[in-house]
Structures are given as structure tokens and as C-alpha cells.
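Remarks on the structure that follows.
Below, each value reflects all heavy atoms present in this structure, side chains not excepted, and no hydrogens, waters or symmetry copies. The chains referred to below are lettered A, B, ... by the order of the sequence lines, with proteins before strands, and numbering in each begins at 1.
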Protein chains: 2
Amino acid sequence: MDTLPRPGLRERKKQRTRDALARAALELFTDKGYERTTVDEITEAVDVSQRTFFRYFAGKEEAAFAVLEMTEAHFLDLVRERPPHESPLEALRRAVLENWDTLNETVESVIPVELHMRTFQLIESTPALLAVHLRRTAELEEKLARLIAEREGLDVDADPRPRVAVAVFSGVMRVTGRLWSTGGDLSVEAIRTLTTAYLDQVGPALTKDWNIQGKRGKGPA
Amino acid sequence: MDTLPRPGLRERKKQRTRDALARAALELFTDKGYERTTVDEITEAVDVSQRTFFRYFAGKEEAAFAVLEMTEAHFLDLVRERPPHESPLEALRRAVLENWDTLNETVESVIPVELHMRTFQLIESTPALLAVHLRRTAELEEKLARLIAEREGLDVDADPRPRVAVAVFSGVMRVTGRLWSTGGDLSVEAIRTLTTAYLDQVGPALTKDWNIQGKRGKGPA
DNA sequence: CGTCAAGTGTCAGTGACTGTCGTTAGCCTC
DNA sequence: GAGGCTAACGACAGTCACTGACACTTGACG
């Protein structure tokens with residue numbers, strides 16, 4: 001909201017190059033696999049030198065997360081905008097759902113949503129990318145914890161609850177993300193449903209006795 | 001419990017080489033940093049060829065987790081041994097604590113415990129290693145979820161609770177691990193205390209209103 | 001012993017990444 | 001609108017992680 005005046009030709013060119021590299025990378029990655037794609041192939045597709053690629057991205061991995069990063073920033077904004085009367089978990093829950101609903105607007109300037117969804121799958125199924133994804137998520141968690149703490153007027157380092165709440169929330173999101181990416185339905189609807197269903201299970205999962213109703217599992221799907 | 005008879009000279013030699021490589025790697029990593037040590041330096045310290053290193057470890061990273069892997073296997077055993085009347089979270093909690101208490105016996109055959117503790121720190125403070133660590137943890141979580149499900153006679157894929165419970169537990173463990181590694185006290189006592197304290201906060205962190213007692217945080221440490 | 005296979009070393013090659021340096025091209029000033 | 005400044009780029013050389021191929025050494029075992 002401060003550099004609107006006009007970025008100047010130089011900046012615009014840079015942005016275009018960066019977007020083109022990210023898009024080309026994502027297309028190649030999702031098409032022939034992450035490991036089987038070389039940086040040279042990406043740069044050839046955009047017609048820049050390899051050196052330029054590494055000026056925009058610290059590594060091959062980073063190109064895979066360029067778009068995801070945009071959605072994460074948006075998510076943080078959504079959390080910030082949540083009314084203060086909501087409990088932390090409630091605020092987080094609504095923010096994620098809202099984030100899914102606005103995915104299109106967040107992403108379409110760089111790549112089609114469909115490609116972004118496939119990127120998700122790619123990350124979950126590529127060990128090297130999954131590792132980086134989890135580390136990035138951990139960093140996001142720290143930011144979230146500080147946000148929640150601020151929201152509740154607490155000191156993150158004095159009160160464990162913000163970090164614990166965020167950890168619980170993120171843990172569940174991880175599970176749903178994984179299940180979604182390996183399941184058949186890659187629609188936004190599918191992950192919305194999974195998200196709410198699993199978040200609803202946090203309470204039950206923490207009770208002492210899981211067998212209140214229907215001992216011996218293998219129940220209906 | 002089945003290959004006790006005597007591993008044979010060949011096997012023993014292999015084990016020695018592998019341990020020596022792991023130990024040398026850990027010493028070098030913790031000493032001069034992960035990125036600043038080359039595979040050649042490790043192999044020179046053990047006096048084997050680089051090729052041999054890669055026959056024992058899929059990559060440089062894997063050498064950093066060789067010992068940690070032993071403790072994880074031990075942890076799984078401990079969970080399996082927990083009496084069935086304990087709730088899932090209770091069983092997990094007791095198993096971790098027990099694991100810390102028996103760390104010495106688990107690890108000392110390869111490296112001194114002190115080096116293992118420094119390895120923990122190293123992993124937390126090295127982005128590349130942290131990423132891999134988190135991925136490995138995710139794999140462990142899946143195993144844990146199946147274990148818990150079995151324990152409770154449930155189907156992991158039908159009932160979300162095993163995975164959710166494990167996710168909650170792991171999330172909290174992550175937080176404590178991180179705080180411990182960045183804090184000053186690297187003793188086993190310290191992480192034990194942190195662990196119990198944070199696990200006790202899961203309940204409170206999920207309640208609607210965090211301000212039951214003492215509005216506006218900044219409470220005592 | 002002699003044979004067989006597992007374990008190892010050597011070498012050549014690929015791909016990710018980095019430092020350096022000369023060149024190009026927006027930008028800004030007069 | 002010519003010229004100087006500097007950000008961005010391309011070209012090149014070098015390091016390091018990792019892999020495949022092949023020849024050699026050495027436990028294992030009849």
C-alpha cells in the first residue's frame with residue numbers, strides 16, 4: 001500500500017522475469033518431476049542465463065515455493081483481520097477456510113489455480129520439497145504464535161499457550177494436507193471439508209477414553 | 001533378538017565403519033558447522049573413499065541423523081510397551097520421558113551423550129538439517145498414529161483421532177525441542193521439565209477464553 | 001585351498017550452486 | 001538528449017554433493 005505510484009520499467013521487468021521463472025519451474029516440476037528437472041531447463045524455457053535464476057531464487061527448491069509464499073502471506077493477513085472476540089483456534093480455523101475461498105484471486109496473477117493445486121501434490125510427494133515445506137511451515141508457525149499472543153495480549157515467551165495452540169492447529173492442518181494430497185479429490189471443496197472435520201476431532205482425540213461409543217473400531221468409514 | 005549368534009567378521013567391520021563415519025561426521029558437523037564440512041573431510045578422518053561414504057549413507061544429511069534414528073526406534077519400542085489402560089496422550093507422554101531417561105544406554109555405543117545433545121542443537125540451527133528432521137519426524141508420526149490406532153483397536157484411515165492425537169503431541173514436542181535447543185540449559189532435566197510443562201498446557205490452550213485468570217498477560221515467567 | 005560374492009577404491013561425469021568480471025540497459029541529471 | 005551511474009545480466013571457471021561403471025581386495029564357505 002505504499003509503492004503504488006508505479007514500479008518503473010526496471011522493476012516491472014524484474015517482476016516479469018521472476019514470475020516467468022516461477023511459472024516455468026512449476027510447469028516443468030509438475031510435468032516431469034522435481035528431480036528430473038534441471039535448472040538449465042527452466043532457464044532455457046524463459047531464455048535467461050542460469051546465473052540469473054540464482055539471482056532470483058536462492059536454490060531450485062525456492063522456485064517451487066514462490067507462489068505458495070504468496071498464499072501464506074495472505075493467510076497471515078486474514079488472521080490479523082479476525083475479530084478479537086474469536087478464540088485463537090476459532091480465528092485460525094476461519095482464516096484458513098477464508099484463505100481457501102480466496103485462493104484464486106491470490107494466485108491467478110502468476111499461475112492458474114489448477115497448477116497451484118498440482119504443486120501442492122508435488123510438494124507432498126517429493127521428499128526434498130516436503131522437507132523444505134515443513135521447515136517453512138515451522139517458520140510460519142512462529143509468526144502465527146506471535147500474532148496470537150499479540151491478539152490475546154500475552155508474551156509468547158512467558159505463556160506457552162500461543163505456541164501450543166498454533167502447534168495443535170498446524171499439526172492438524174498437516175494431517176489434512178497430507179490426506180488431501182494423496183486422496184483422489186483435489187478440489188478446494190475437498191480440503192475445506194477435511195479441514196473442518198479434523199479440527200472438530202481435536203477435542204475428542206484428547207479425552208481419556210476413546211471408546212465412549214462403539215468399542216472395537218473398524219467402524220463405518 | 002534374533003541375530004545374536006555373532007554377526008561375522010564382515011558384518012562387524014561394516015558396523016565399525018558405519019559408526020566411525022557417523023561419529024566423525026557428527027564431530028566435524030558440530031565443530032565447524034554442517035555446510036562448512038565436506039564429505040571428503042569426513043572420509044579422510046575415517047580413511048575410506050568418498051564412494052564408501054555414499055554406500056553407507058544416501059547423502060551427507062543422513063549421516064547427521066544416524067544416531068537420532070536409534071533413539072527414535074527406541075522410542076517406538078517404549079510406546080509399544082506402554083500398558084493399554086493409559087490414554088494415548090498419556091502413553092506418549094510417559095514414553096518420551098522414559099526415552100530421555102534411557103538416552104545414555106541407547107546412544108553411548110556410538111557417541112558420547114554430550115555429542116548427541118550438541119547434534120540436536122546443530123539440527124535445530126541448520127536450516128537444511130532442520131528441514132530433513134521435520135520430514136523424518138513426519139514419518140515417525142505416521143508410524144506412531146498406526147501404533148496408537150492399533151492400541152485402541154481403531155482403523156487409522158477411518159477414525160481421525162489417532163492421527164490428530166499424534167499431531168497434537170508432536171506439535172507440542174516440536175515447540176519444546178526448539179525452545180530447549182535455543183535455551184541455555186542443554187541438560188536432559190531441562191527438556192524433561194519443558195516437555196511436561198508444555199504438554200500440561202494443551203488443555204488450557206484449547207479453551208475458548210484464555211483470560212479466566214489474570215487478564216492482560218505478561219504474567220510471571 | 002579355491003571359488004564366489006560382498007565390500008571397496010578409482011575414475012569419469014552430472015547437476016546444483018558461487019565468485020568474478022566484463023557488458024548491457026534503465027535511470028537520472030544537466 | 002548526451003553522458004554518467006549503477007542495477008541486472010551473461011559468460012566462465014571452480015567447488016561440492018552425488019552416481020554409474022569397472023576393476024580389485026577380502027571375508028565366507030564348501
Side-chain angles (χ1 to χ4, degrees), chain A residues 3 5-22 24-26 28-29 31-66 122-123 126-132 135, chain B residues 3 5-22 24-26 28-29 31-66 122-123 126-132 135:
Chain A
T3 320
R6 71 218 128 144
L9 177 54
R10 212 178 229 165
E11 280 310 308
R12 272 179 288 141
K13 255 188 163 174
K14 265 174 52 174
Q15 193 58 48
R16 249 185 294 143
T17 307
R18 191 188 152 85
D19 288 353
L21 281 171
L26 257 30
L28 285 165
F29 290 165
D31 191 44
K32 43 187 295 190
Y34 174 74
E35 343 259 8
R36 280 184 297 276
T37 309
T38 67
V39 175
D40 281 340
E41 287 173 318
I42 301 169
T43 57
E44 276 163 27
V46 183
D47 198 53
V48 294
S49 74
Q50 198 205 49
R51 198 69 185 83
T52 293
F53 177 91
F54 287 110
R55 287 202 179 91
Y56 283 99
F57 303 103
K60 192 176 145 187
E61 294 155 355
E62 201 169 296
F65 294 96
L122 175 81
I123 291 171
T126 308
L129 291 182
L130 180 55
V132 173
R135 179 173 51 74
Chain B
T3 321
R6 70 212 130 141
L9 176 56
R10 212 174 227 165
E11 281 308 311
R12 273 179 285 140
K13 255 189 163 174
K14 263 174 52 174
Q15 193 59 48
R16 250 185 293 142
T17 307
R18 191 188 152 87
D19 288 354
L21 280 171
L26 258 30
L28 285 165
F29 290 166
D31 191 44
K32 41 187 294 190
Y34 174 74
E35 343 259 4
R36 279 183 300 276
T37 70
T38 67
V39 175
D40 280 340
E41 287 173 317
I42 301 170
T43 56
E44 277 163 27
V46 184
D47 198 53
V48 296
S49 73
Q50 197 203 52
R51 199 68 186 83
T52 294
F53 177 91
F54 287 111
R55 287 204 179 92
Y56 282 100
F57 303 103
K60 192 176 146 187
E61 294 155 354
E62 201 169 295
F65 293 96
L122 175 81
I123 292 171
T126 307
L129 291 182
L130 180 56
V132 173
R135 179 172 51 74

Without decimals, in angstroms, what is the distance between [X] [atom1] and [N] [atom2]?
{"X": "B:E35", "N": "D:dA17", "atom1": "CD", "atom2": "P", "value": "10 Å"}
{"X": "A:E44", "N": "C:dG15", "atom1": "CD", "atom2": "P", "value": "11 Å"}
{"X": "B:E41", "N": "D:dA17", "atom1": "CD", "atom2": "C1'", "value": "13 Å"}
{"X": "B:E62", "N": "D:dA17", "atom1": "CD", "atom2": "P", "value": "15 Å"}

Worksheet item: Roughly how far, to the nearest 0.5 Å, is OG1 of B:T52 from CZ of B:F57?
Response: 11.5 Å

Worksheet item: Atom CG of B:L129 and atom CZ of B:F29: how far apart are they, to the nearest 0.5 Å?
Response: 7.0 Å

Worksheet item: Is it true that a side-chain atom of B:E62 and a backbone atom of B:G59 form a donor plus acceptor pair closer than 3.5 Å?
Response: no

Practice prompt. Would you mind telling me which residue lines up with the more 5' stretch of DNA chain D, A:T52 or B:F53, judged by nearest nucleotide?
Written response: A:T52

Reckon [X] has a side-chain N or O less than 4.0 Å from the OP1 or OP2 of [N]?
{"X": "A:Y56", "N": "D:dA8", "result": "no"}
{"X": "B:K14", "N": "C:dG7", "result": "yes"}
{"X": "B:K60", "N": "D:dC18", "result": "no"}

Please pick, from [options], the nucleotide with the shortest atom-to-atom distance to any side-chain atom of [X].
{"X": "B:R51", "options": "C:dG15, D:dG10, D:dT19", "answer": "D:dT19"}
{"X": "B:R10", "options": "D:dG27, C:dT8, D:dC16", "answer": "D:dG27"}
{"X": "A:Q50", "options": "D:dA17, C:dT18, D:dG10", "answer": "C:dT18"}
{"X": "B:R55", "options": "D:dC22, C:dC27, D:dG10", "answer": "D:dC22"}

Worksheet item: Which pairs pass salt bridge (charged side-chain N to carboxylate O under 4.0 Å, His left out) with one or both residues in residues 50-60 of chain A, sequence neighbours excluded?
Response: none

Practice prompt. Just call it for A:T43: base, sugar-phosphate, or nothing, with non-hydrogen atoms closer than 4.0 Å on any strand.
Written response: nothing

